[in-house]
Amino acid sequence: MSRLIMALDQGTTSSRCILFDRDAKIVSLAQKEFQQYYPQPGWVEHNPREIWSSQLSVATEAMAQIGAQASDIAAIGITNQRETTIVWDRATGEPVCNAIVWQCRRTAEDVEKLHEKGLDETIKAKTGLVPDAYFSATKIAWILDHVEGVRARAEAGDLAFGTVDSWLIWNLTKGKVHATDLTNASRTMLFNIHERCWDKELLDIFRIPSSMLPEVYPSGHLFGTTDPFLLNGEIPIAGCAGDQQAALFGQCCFREGEVKNTFGTGCFLLMHTGEKAIRSEHGLITTIAAGTDEKPRYALEGSVFVAGASIQWLRDEMRMIKTAAQSEEYATAVPDTAGVYVVPAFTGIGAPYWNPYARGMAVGITRGCKKEHYIRAVLESIAYQSHDVIRAMEQDAGTSLKELRVDGGASANNFLMQFQADIVDATVWRPKCIETTAMGAAYLAGLTTGFWRDEAELLQKEQIGRKFTPTMEKARRAELLQGWQRAVKAALAWAE
Ligand code: ADP
């Protein structure tokens with residue numbers, strides 16, 4: 001009997017493959033970085049061929065490391081960088097140009113035009129998204145309008161569009177399957193998340209032929225089987241979800257009100273909202289959550305633009321620390337920030353303030369302010385910003401947070417996690433294995449193929465790394481939060 005599940009984790013900077021055993025423990029991991037292309041300021045591209053070859057090579061490597069055969073692998077789950085757009089020829093499998101990466105700003109002006117035409121409301125109502133160049137729609141339109149001959153080929157039905165998951169499924173099945181899952185579809189800005197289908201009106205607005213689009217299935221679904229020559233045997237592809245939704249699933253946030261925060265370069269927060277698609281009054285996004293059947297599941301999503309990046313800034317630009325981990329030593333060397341607040345609004349400030357012109361601000365500095373205080377204030381700012389997103393989610397959803405599940409590189413910082421628990425007044429729960437994105441993909445594939453019985457079984461397998469319980473006095477929390485809000489006001493005033 002097959003003993004492993006393979007997770008393919010196709011990220012923005014690297015492709016990874018992790019093999020999990022029945023206890024959901026990692027038994028093998030391989031990773032490969034690939035090239036980023038910046039053809040113009042603000043533009044970001046990947047070569048789809050490199051995405052595919054790096055992904056295939058790490059799959060082979062992860063298997064070889066432990067001598068696994070295709071027959072050892074019960075199923076494959078895919079998780080991927082979201083929104084990144086690829087268009088390829090159905091006959092040859094050849095991409096018509098490089099992939100336009102989610103970060104790429106080349107279509108920012110096209111989004112402005114949507115705004116001027118008064119389409120924001122229509123788009124938001126149908127897709128749950130606040131129109132932005134991140135999402136795939138304007139990227140596909142750009143390719144159709146700028147790559148020679150592509151529009152005619154698309155209109156003749158010769159071209160296929162896909163996010164990275166579709167591209168991988170296409171290649172894994174040698175062009176037999178052109179499909180995506182609900183979570184990835186919900187990031188294209190072409191998908192009606194309420195009716196759960198491609199939206200005719202949006203396709204017309206963006207002038208995208210419907211023949212280009214992949215079939216959409218639940219995240220847990222038998223998408224196809226791998227071509228037998230790729231991994232020396234046929235393996236079912238049985239799970240697929242965008243990275244943040246996969247992390248929510250990997251954190252076992254299956255039910256309404258459950259929230260995860262991924263502390264990476266930025267923070268990505270998702271709150272499961274059950275069968276309700278909640279419309280945000282605070283500029284958050286409504287998106288589809290992963291599941292293994294047709295039942296609708298939604299989530300509210302919010303992000304903090306600068307989180308771990310502020311620690312990189314302390315290290316690389318301010319040169320106050322040598323490693324990210326050192327920030328914890330400095331922060332715990334003082335009892336508080338001595339009244340200092342740092343608002344790292346380097347590129348503006350997001351939910352719930354939304355001001356793109358705000359800039360970084362340090363306030364409350366006195367003669368006694370030491371590097372330790374400053375570093376601590378930067379770490380605390382990550383927790384304050386997450387706090388603000390969580391409170392916005394609570395207001396939108398009408399629930400209150402009981403527990404916050406965390407992962408990502410900066411979740412290793414114990415000081416930050418304790419402060420986060422204190423500031424949101426909820427338990428912060430860090431799993432032993434913080435590879436939750438890959439785990440989510442593996443869970444979806446494992447549940448779909450019966451490798452794991454049900455969600456209850458997965459909950460039993462969950463392993464706590466560490467729990468952080470709030471200990472801060474109510475009055476102290478209120479005082480600190482008031483200080484933070486004044487600091488944000490100062491950063492906003494600067495933008496005026
Ligand atoms: P991403 O997936 O966005 O690249 P990761 O999840 O790999 O991010 O996390 C890396 C980020 O976490 C970096 O911005 C780094 O500064 C931050 N980081 C890593 N370790 C720590 C730590 N111990 N304390 C604070 N921040 C950290």
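Every number for a ligand or one of its atoms is a count from 1 in the order of the listing. The first residue in the sequence is number 1, and the count goes up from there. On a predicted model such as this, the values are computed, not experimentally measured, just so you know.
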Exercise for the section: Cation-pi check, Arg49 to Phe34: give yes when NZ or CZ is under 6.0 Å from the six-membered ring centre and within 45° of the ring axis, no otherwise. Expected result: no

Handout entry: Taking atom 4 (O) of ligand 1 as the reference point, the nearest protein heavy atom with its distance
Key = Thr265 OG1, 3.5 Å

Practice task
Ignoring hydrogens, just give me the one of Ser411, Ser14, Ala325 whose non-hydrogen atom is nearest atom 23 (N) of ligand 1.
Solution key: Ala325

Fill in the blank from the handout: Looking at Ser327, Ala412, Gly409, Ser310, the heavy atom closest to atom 10 (C) of ligand 1 belongs to Gly409

Problem - Heavy atoms of other groups near Tyr357 OH, more than 12 under 6.0 Å - result: no

Problem - Sub-3.5 Å N/O-N/O distance, Ile311 and ligand 1 - result: no

Practice task
Output yes when Glu328 and Arg376 qualify as a salt bridge under the 4.0 Å nitrogen-oxygen rule, no when they do not.
Solution key: no

Practice task
Scan for salt bridge (charged side-chain N to carboxylate O under 4.0 Å, His left out) pairs involving residues 416-442, sequence neighbours excluded, and state none if there are none.
Solution key: Arg16-Glu435, Asp425-Arg477

Exercise for the section: Please report which non-hydrogen protein atom sits nearest to atom 12 (O) of ligand 1, along with the residue it belongs to and the distance in Å to one decimal place. Expected result: Ala410 N, 3.4 Å

Fill in the blank from the handout: Output for pair (Ile237 CD1, Asp165 CG), nearest 0.5 Å, gives 11.0 Å

Exercise for the section: Determine, considering heavy atoms only, which of Gly266, Gly264, Ala331, Ala309 sits nearest to atom 8 (O) of ligand 1. Expected result: Gly264

Problem - Protein non-hydrogen atom found under 4.0 Å from atom 2 (O) of ligand 1 - result: no

Exercise for the section: Among all protein heavy atoms, pick the one closest to atom 21 (C) of ligand 1 and tell me residue, atom and distance. Expected result: Ala324 CB, 3.6 Å

Fill in the blank from the handout: For Gly408, the ligand 1 atoms with a heavy-atom partner under 4.0 Å come out as 6 (O)

Exercise for the section: Kindly indicate whether a cation-pi arrangement holds for Arg106 with Trp142, taking the cut-offs as under 6.0 Å to the six-membered ring centre and within 45° of the axis. Expected result: yes

Handout entry: Heavy-atom gap Gln312 to ligand 1 smaller than 4.0 Å
Key = yes

Completion exercise
for atom 15 (C) of ligand 1, nearest protein heavy atom and its distance come out as Gly308 O, 4.0 Å

Practice task
Answer yes or no: is there an ion pair linking Arg405 with Glu462, defined by an N-O contact shorter than 4.0 Å?
Solution key: yes

Practice task
Please collect all side-chain hydrogen bond (donor to acceptor under 3.5 Å, both in side chains) contacts where either partner lies in residues 304-322, sequence neighbours excluded, each pair once.
Solution key: none

Problem - Candidate with minimal heavy-atom separation from atom 25 (C) of ligand 1, of Asn413, Asp243, Leu314 - result: Asn413

